[in-house]
Amino acid sequence: VEADRDRESGSRGISYEDVGGLHREMQRVREMVELPLRHPELFERFGIGAPKGILLHGPPGSGKTLIARTVAAMTKASFFPVSGPEILDKHYGEAEARLRRIFEEAEKKAPSIIFFDEIDALAPKRETVVGEMEKRVVGQLLSLMDGLRARGQVVVLGATNLPNLLDPALRRPGRFDREIMIGIPDRNGRLEILRIHSRRMPLAEDVELEELADLTHGYLGADLELLCREAAMASLREFLALGSNDGAGTVTGEGSREEVTRAHFLE
Ligand code: ATP
């Protein structure tokens with residue numbers, strides 16, 4: 001159900017062009033996920049097993065989920081997003097059974113990508129957890145990954161901000177044995193991300209995205225997206241304040257231009 005819902009909404013229409021910066025990271029993800037999904041025979045011919053699990057780690061908002069959705073969309077793989085904390089939520093029933101069902105479904109609908117967001121919540125170091133349920137869930141996840149038969153055809157992606165909290169057994173060969181750091185974008189990365197999130201906005205002539213990229217040291221993808229959205233909102237607010245409402249619900253922005261200016265971004 002989740003995969004269907006996802007195919008219908010979120011992931012459709014996303015492409016590699018929606019990911020700014022992160023070229024080396026994307027290249028590695030494609031090599032490890034896209035290549036085995038598309039050409040499992042290549043891995044066999046070279047006598048190596050296709051990777052089963054890949055851990056994406058980096059700060060929140062750096063694009064880990066975006067990358068997972070993009071690869072799924074581009075490879076037309078079924079996408080099974082799973083939130084670590086949510087699956088442990090008792091309201092939804094038994095976590096182990098739910099995990100098992102997700103893996104079964106993913107194998108049935110292969111090629112598939114199972115994406116565990118905040119996997120640290122789901123699989124913390126077992127010596128640090130107190131609850132029996134949590135311990136069982138880690139064990140269950142390990143055995144489900146070991147049991148994946150359609151190697152290369154079901155890829156498990158995990159995302160975390162805290163890779164050191166993960167149970168080390170999860171990072172052994174045959175499980176999450178590849179790790180990709182999704183870091184903070186550099187100036188060019190920021191410029192590309194700003195271009196992506198402002199491309200549908202009516203930008204005024206005085207907006208120079210290069211300048212904004214220079215000014216936003218330390219901003220992550222999610223911050224830059226928010227910056228663009230807030231700038232557009234500032235412009236929209238001005239438009240509404242200066243414009244008039246003709247009573248029939250049509251808003252005309254007389255006195256204010258329908259554009260997002262440099263000042264809006266700085267504000
Ligand atoms: P979390 O750890 O909180 O789950 P995350 O690393 O998975 O965070 P995303 O959910 O992928 O972060 O990013 C949030 C939003 O920020 C994305 O939907 C996207 O709009 C924007 N974003 C993040 N990184 C990038 C990027 N590199 N290029 C374009 N947009 C980005």
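In this text, all values refer to a predicted model and were calculated from it rather than measured experimentally. Numbering of ligands and ligand atoms starts at 1, following listing order. Numbering of residues begins at 1 and proceeds along the displayed sequence.
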Let me check something: any side-chain donor-acceptor pairs from residues 154-166 under 3.5 Å, sequence neighbours excluded? List them with distances.
residue, atom, partner, partner atom, Å
T160, OG1, D120, OD1, 2.6
T160, OG1, L162, N, 2.8

What is the minimum heavy-atom distance between [X] and [Y], and which atoms define it?
| X | Y | value |
| --- | --- | --- |
| L220 | S62 | CD2-CB, 4.1 Å |
| H264 | E238 | NE2-OE2, 3.1 Å |
| A77 | I113 | CB-CG1, 4.1 Å |

What about [X]: any of its N or O atoms under 3.5 Å from an N or O on ligand 1?
| X | result |
| --- | --- |
| G20 | yes |
| P60 | no |
| G63 | yes |

Establish, for the pair R30 and Y16, whether the NZ or CZ atom is under 6.0 angstrom from the six-membered ring centre and no further than 45 degrees off its axis. yes
Nearest non-hydrogen atom to atom 23 (C) of ligand 1 belongs to which of C228, S83, G221? G221
Can [X] be said to touch ligand 1, with heavy atoms closer than 4.0 Å?
| X | value |
| --- | --- |
| H197 | yes |
| G61 | yes |
| A159 | no |
| D18 | yes |

R195 and salt bridge (charged side-chain N to carboxylate O under 4.0 Å, His left out): which single residue from E17, E210, E225 fits? E210
Without swapping roles, check the side chain of K64 against the backbone of G58 for a donor-acceptor pair under 3.5 Å. yes
Shortest protein contact, [atom] (heavy atom only):
| atom | answer |
| --- | --- |
| atom 4 (O) of ligand 1 | D117 OD2, 3.3 Å |
| atom 17 (C) of ligand 1 | E225 OE1, 4.1 Å |
| atom 14 (C) of ligand 1 | A222 CB, 4.0 Å |
| atom 7 (O) of ligand 1 | T65 OG1, 2.5 Å |

Greater than 12 external heavy atoms within 6.0 Å of Y219's OH: no
Looking at side-chain heavy atoms only, is the closest gap between R262 and E211 below 4.5 Å? yes
Of all the atoms in ligand 1, which lie at a distance below 4.0 Å from a heavy atom belonging to [X]?
| X | value |
| --- | --- |
| L66 | 11 (O), 25 (C), 26 (C), 28 (N), 29 (C), 30 (N), 31 (C) |
| L22 | 27 (N) |
| V19 | 28 (N) |

Quick one: does ligand 1 sit under 4.0 Å from the side chain of [X], the backbone, both or neither, non-hydrogen atoms only?
| X | value |
| --- | --- |
| I182 | neither |
| K64 | both |
| N161 | side chain |

Indicate yes or no: does R199 engage D18 in a salt bridge with an N to O separation below 4.0 Å. yes
Side chains of E192 and H197: donor-acceptor distance under 3.5 Å anywhere? no
